[in-house]
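Comments concern the structure below.
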Amino acid sequence: MTTLLLARHGLTDLTGPVLAGRTPGVHLSEAGRAQAAALAGRVAGVRLDAIVSSPLERCRETAEAVAQGRETDVRVDDRFIECGYGEWTGRPLAELAKEPLWQVVQAHPSAVTFPGGESLAAMQQRAVAAVREWNRTLGSKGVYLVCSHGDVIKAIVADALGLHLDQFQRITADPAALTVIRYAPLRPFVLRLNDMGELRLPEDSEEKDGGENITGSDAAVGGGPGTT
Ligand SMILES: O=C(O)[C@@H](CO)OP(=O)(O)O
C-alpha cells in the first residue's frame with residue numbers, strides 16, 4: 001500500500017489576491033517559509049522514500065524545507081506543475097470572478113479550458129498519471145511526499161475519492177496543509193485531508209485488524225479499531 005503525502009506549498013505574497021499560476025519567480029513569503037519549516041516538523045517522524053515537487057519555486061522551496069536534514073533529495077516532476085491558466089495567469093482573483101468562465105470553473109470544472117491554457121481535466125489526468133507511476137516505482141511499502149498546488153491536489157484527491165472532477169471544488173487544500181492517501185490494490189484510502197497537525201502514519205492494516213483484511217484493501221465494517 002503506497003502512501004502519498006500531498007503538501008500544498010506555503011504562502012507567497014500573491015497567494016489570495018492574484019492567480020499566480022505558472023508565473024516564474026514567485027517565492028515563499030516570510031510566512032510561507034515559516035509554514036514550510038512547520039510542515040517539515042509535522043512530518044519529521046515519517047520515513048520518506050521520495051520527496052517530489054512541482055517545478056515552480058514556491059513548491060521547490062517548501063519541499064526543500066522538508067528534505068532538510070534527510071538523505072532524500074527533492075526530485076522535480078513537471079506533471080505536478082500548476083494548471084496552465086493561460087491568459088488568467090497573474091490576474092487578480094477579484095477581477096477573474098467577474099468573467100463568465102468563473103461560474104463554469106465553480107459549477108462544471110470538467111468543461112473548463114482556460115483561454116490560451118490547459119483544461120482542468122487534462123491537469124487532473126497528468127497529475128493522477130504521475131501519482132500512479134510514482135506508486136509503481138516506489139512499490140507497496142513506499143511512502144513519498146509530493147509538493148504541489150491547490151487545484152492539482154484537489155484533482156488528485158477527487159480521483160482518490162472516486163469523485164467526478166465536477167465535484168472537486170468541495171475539497172480544500174490550504175497552504176502547507178497535508179493530505180494523505182494510501183493506495184491499496186483495490187482502492188485508495190484518504191487518511192487525512194487538509195491537515196495541519198503532526199503526522200503519524202498508521203501501520204499496515206493487516207497488522208492491526210482482525211485478520212480479515214487479506215489484500216489490505218478492505219474497509220473495516222463499522223470502522224475498525226482506528227488507523228493511528
Ligand atoms: O495563486 C493561487 O492560489 C494558485 C494558482 O497558482 O494556486 P497555488 O497557490 O496552490 O499555486
Side-chain angles (χ1 to χ4, degrees), residues 4-40 42 51-66 74 76-99 101-106 109 112-124 126-128 130-131 145-160 165 168-181 192-196:
L4 166 63
L5 280 55
L6 274 172
R8 187 172 166 211
H9 60 81
L11 282 166
T12 73
D13 286 337
L14 299 188
T15 316
V18 169
L19 187 69
R22 297 180 182 177
T23 307
V26 179
H27 296 273
L28 294 180
S29 62
E30 197 182 326
R33 285 195 297 276
Q35 286 178 323
L39 168 67
R42 278 153 43 215
I51 299 174
V52 186
S53 177
S54 149
L56 297 177
E57 293 90 340
R58 55 195 183 275
C59 288
R60 293 170 74 147
E61 289 162 9
T62 303
E64 288 293 348
V66 173
V74 174
V76 169
D77 187 328
D78 289 343
R79 294 171 296 179
F80 293 117
I81 197 172
E82 181 59 287
C83 185
Y85 294 118
E87 292 162 22
W88 279 34
T89 304
R91 290 180 59 192
L93 272 291
E95 193 183 294
L96 291 171
K98 295 179 191 142
E99 296 276 356
L101 186 64
W102 179 272
Q103 285 310 322
V104 190
V105 174
Q106 302 303 314
V112 169
T113 300
F114 291 95
E118 191 180 24
S119 70
L120 283 166
M123 175 274 286
Q124 181 182 43
R126 48 116 166 137
V128 169
V131 168
L145 180 139
V146 170
C147 188
S148 187
H149 305 269
D151 279 349
V152 178
I153 291 170
K154 288 161 61 175
I156 294 169
V157 173
D159 169 77
L165 184 60
F168 98 134
Q169 302 294 17
R170 298 178 178 207
I171 298 162
T172 301
D174 288 333
L178 266 180
T179 289
V180 180
I181 305 170
R192 296 213 185 182
L193 184 63
N194 199 35
D195 189 272
M196 294 300 282

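All values reported here derive from a predicted model rather than from experimental measurement. Both counts, for ligands and for their atoms, begin at 1 and track the order of listing.
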Check: S29 main-chain N/O paired with D13 side-chain donor or acceptor under 3.5 Å =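 Not a single qualifying donor-acceptor pair exists.
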In terms of atom number and element, which parts of ligand 1 are under 4.0 angstrom from non-hydrogen atoms of V18?
->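 So the answer, numbered in order with elements, is 1 (O).
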Please say which of E118, E82, E57 ends up in a salt bridge (Lys or Arg N to Asp or Glu O under 4.0 Å) with R22.
->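 Result for salt bridge (Lys or Arg N to Asp or Glu O under 4.0 Å) with R22: E118.
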So which heavy atom in the protein is nearest atom 9 (O) of ligand 1, and how far is it from that ligand atom?
->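 Looking at atom 9 (O) of ligand 1, the protein heavy atom closest to it is R8 NH2, 2.7 Å.
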Geometric class of the W102/W88 ring pair [parallel <30°, tilted 30-60°, perpendicular >60°] |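 Aromatic pair W88/W102 classed parallel.
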Pairs of nitrogen or oxygen atoms closer than 3.5 Å, one from [X] and one from ligand 1: do any exist?
X	value
L14	no
G150	yes
G21	yes
H9	yes
E82	yes

Heavy-atom side-chain contact between [X] and [Y] under 4.5 Å:
X	Y	value
L93	P17	no
I156	I181	yes
T15	R8	yes

Residues S53, V146; criterion side-chain contact (heavy atoms from CB on, under 4.5 Å); working and verdict | CA-CA 6 Å; S53 177; V146 170; over 6 Å; no
Ligand 1-proximal atoms of H149, by part, heavy-atom distance under 4.0 Å |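 Both backbone and side chain.
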Determine, using heavy atoms of R58 and all atoms of ligand 1, whether some pair is separated by less than 4.0 Å.
->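 Yes, R58 has a heavy atom closer than 4.0 Å to ligand 1.
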